[in-house]
Amino acid sequence: RDLEQYKQEVKDSQELIKPELEKLKSWWVGAKELRNLNSELLCFQSELITGEVEVLLVKKRLYKDKFIILSNQIEAELLIQTEQRKLTEKINNERIELKKSLKLSEFELDSKGKQMLSEKEL
């Protein structure tokens with residue numbers, strides 16, 4: 001009879017503990033789900049950081065390309081200015097030569113004209 005009573009008490013205790021065990025089980029499952037969610041969140045954060053790094057690398061590349069473009073533009077402008085100066089100098093030199101040549105031609109014409117006049121006078 002004591003054994004029966006003991007069995008009944010154990011059964012009653014199990015019935016009393018059962019809801020608490022269910023609660024603990026659900027908390028355990030909840031905690032496990034939270035850990036999984038936390039893990040997923042950390043993975044997502046890692047992907048975000050990776051994405052930010054990729055964006056920064058693209059920005060760096062763009063700035064580098066922009067710098068190269070600006071450098072090339074400055075170099076091209078300097079070359080254009082240099083070529084313009086050379087052409088201007090060349091044109092000015094040619095003008096001076098033309099003026100000299102014209103003056104020489106005028107002088108020669110004057111000389112020939114005077115020579116012709118003096119020949120006519122003779």
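These numbers were taken from a predicted model, which means no experiment stands behind them.
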query = Any side-chain heavy atom of Lys86 sitting closer than 4.5 Å to one from Glu83?
reply = yes

Rounded to the nearest 0.5 angstrom, the CG-CG distance for Leu62 and Leu57 is 11.0 Å

*asked:* I want to check something: taking the side chain as every heavy atom from C-beta on, are Asp2 and Gln5 in contact at a cut-off of under 4.5 Å?
replied: yes

Salt bridge (Lys or Arg N to Asp or Glu O under 4.0 Å) pairs touching residues 55-71, sequence neighbours excluded, are none

Checklist entry - Quick one: does Ile91's side chain get under 4.5 Å of Arg95's, heavy atoms only? => result yes

Output for pair (Leu3 CG, Gln8 CD), nearest 0.5 Å, gives 12.0 Å

Rounded to the nearest 0.5 angstrom, the CD-OG1 distance for Glu47 and Thr50 is 7.5 Å

Whether Ser46 side chain and Leu42 backbone form a donor-acceptor pair below 3.5 Å:
no

If we ignore angles and hydrogens, is there a donor and acceptor under 3.5 Å between the side chains of Asn93 and Glu97? no

Rounded to the nearest 0.5 Å, the CH2 atom of Trp27 sits from the CD atom of Glu20 at a distance of 7.0 Å

Value for CG (Leu21) from OG (Ser26), rounded to nearest 0.5 Å, stands at 11.0 Å

To the nearest 0.5 Å, atom CZ of Phe67 lies from atom CG of Asn72 at 9.5 Å

* Give a yes or no on whether the backbone of Arg35 and the side-chain of Ser39 come within a donor-acceptor separation of less than 3.5 Å. => no

